[in-house]
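This report concerns only the one structure given below.
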Amino acid sequence: MTMFVENSKPIRAAATYIRMSVFVLERGIALSDEFDDKDSEIMIYAVLFEGKQPVATCRFENPEPGTLKIGRVATLKAYRGHGYGRQVITAMETRAKKMGMSHSLIHSELTAQGFYERMGYHVVSDTFMEDGVPCVVVKKKL
């Protein structure tokens with residue numbers, strides 16, 4: 001397994017491949033909702049590869065000083081249940097700590113809330129809808 005945390009074209013393409021597969025094709029999220037203005041040349045992504053196959057990803061946002069916002073966490077269906085989502089999130093948290101950030105937050109789908117809680121996140125919001133999916137904000141001190 002090889003982890004990349006960067007904004008190079010190949011890594012952005014790999015992240016797009018995973019997100020297209022998971023969110024658009026598998027989950028039915030609208031293409032225009034999944035890919036937004038934040039997906040730019042400067043956006044940093046974590047992508048985990050098994051050989052040449054990209055298997056898991058997430059993106060790095062910095063909505064306010066000292067805060068990491070992890071978004072678009074996805075693992076290809078055939079690779080779920082092996083801790084790969086945890087690995088890309090941990091890679092982003094490590095990057096954020098090195099940059100001096102002290103907190104991480106995620107807009108968690110309700111179905112993923114337990115996964116994030118097992119990683120030390122806790123719910124800090126009421127339920128809201130995002131891209132037609134019920135979510136909560138979860139937060140963690142880094």
Side-chain angles (χ1 to χ4, degrees), residues 1-64 66-99 101-142:
M1 302 302 278
T2 308
M3 178 73 69
F4 293 88
V5 181
E6 59 186 61
N7 65 345
S8 69
K9 283 183 182 181
I11 297 308
R12 292 192 328 261
T16 298
Y17 165 79
I18 295 167
R19 291 171 53 198
M20 182 75 176
S21 299
V22 173
F23 294 120
V24 177
L25 299 176
E26 180 185 332
R27 304 273 314 283
I29 303 289
L31 193 61
S32 59
D33 288 337
E34 178 53 30
F35 297 97
D36 56 26
D37 292 339
K38 296 175 186 173
D39 291 308
S40 70
E41 293 180 0
I42 62 168
M43 180 60 68
I44 296 170
Y45 299 89
V47 179
L48 182 64
F49 285 80
E50 183 178 275
K52 292 183 179 182
Q53 175 68 53
V55 299
T57 190
C58 64
R59 76 178 181 188
F60 182 108
E61 295 178 49
N62 182 214
E64 58 189 56
T67 300
L68 162 67
K69 180 182 177 195
I70 296 174
R72 305 305 203 250
V73 179
T75 301
L76 293 177
K77 191 172 188 174
Y79 295 89
R80 292 181 193 148
H82 300 285
Y84 299 153
R86 176 182 292 272
Q87 289 182 44
V88 293
I89 291 168
T90 300
M92 282 299 196
E93 291 172 346
T94 299
R95 172 92 176 230
K97 284 186 228 179
K98 288 179 182 176
M99 296 172 67
M101 295 183 185
S102 60
H103 290 88
S104 176
L105 64 88
I106 300 171
H107 289 191
S108 168
E109 295 181 9
L110 292 184
T111 57
Q113 180 180 332
F115 167 74
Y116 295 120
E117 288 174 336
R118 289 188 297 278
M119 291 192 68
Y121 286 82
H122 60 279
V123 176
V124 295
S125 77
D126 292 330
T127 302
F128 60 94
M129 297 299 285
E130 186 170 272
D131 300 332
V133 179
C135 297
V136 290
V137 175
V138 293
K139 192 170 183 178
K140 172 183 180 177
K141 185 173 179 167
L142 296 176

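If you're wondering where the values come from, they're calculated on a predicted model, not measured in any experiment.
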Under 3.5 Å donor-acceptor, Asn62 side chain and Thr67 backbone: yes

Once the angle between the rings of Phe49 and Phe4 is folded into 0 to 90°, is it parallel (under 30°), tilted (30 to 60°) or perpendicular (over 60°)? perpendicular

d(Arg12 CZ, Asn7 CG) to nearest 0.5 Å is 6.5 Å

Non-hydrogen side-chain atoms of Met1 and His82 separated by less than 4.5 Å: no

Could you give the distance from OG1 (Thr94) to CE (Met99), rounded to the nearest 0.5 Å? 13.0 Å

Ser108 (side chain) donor-acceptor with Val137 (main chain) under 3.5 angstrom: no

Quick check for you: to the nearest 0.5 Å, what is the distance between Met3 atom CE and Thr90 atom OG1? 8.0 Å

Should the pair Glu93-Lys140 be classified as a salt bridge under the 4.0 Å nitrogen-to-oxygen rule? yes

Look up atom OG1 in Thr16 and atom OH in Tyr45, then write down how far apart they are to the nearest 0.5 Å. 6.0 Å

At what distance, to the nearest 0.5 angstrom, does CD of Glu109 lie from OH of Tyr116? 7.5 Å

Over all heavy atoms of both residues, which pair between Pro63 and Leu68 is shortest? Give the atoms and the distance, please. CD-C, 4.4 Å

Identified side chain to side chain contact (heavy atoms under 4.5 Å, CB included) counterpart of Ser40 within the set Asp36, Asp37, Ile42: Ile42

Ignoring hydrogens, what is the shortest heavy-atom contact between Thr57 and Arg19? Give both atom names and the distance. CG2-CG, 4.0 Å

For the backbone of Thr75 and the side chain of Arg80, can you confirm whether one donor and one acceptor N or O come within less than 3.5 Å of each other? yes

Before accepting this row, confirm whether a basic side-chain N of the pair Arg72/Asp39 lies closer than 4.0 Å to the acidic partner's carboxylate O. no

Side-chain touch Leu76/Ile18, heavy atoms, less than 4.5 angstrom: yes

State the CZ-CD1 distance between Arg59 and Ile70, to the nearest 0.5 angstrom. 12.0 Å

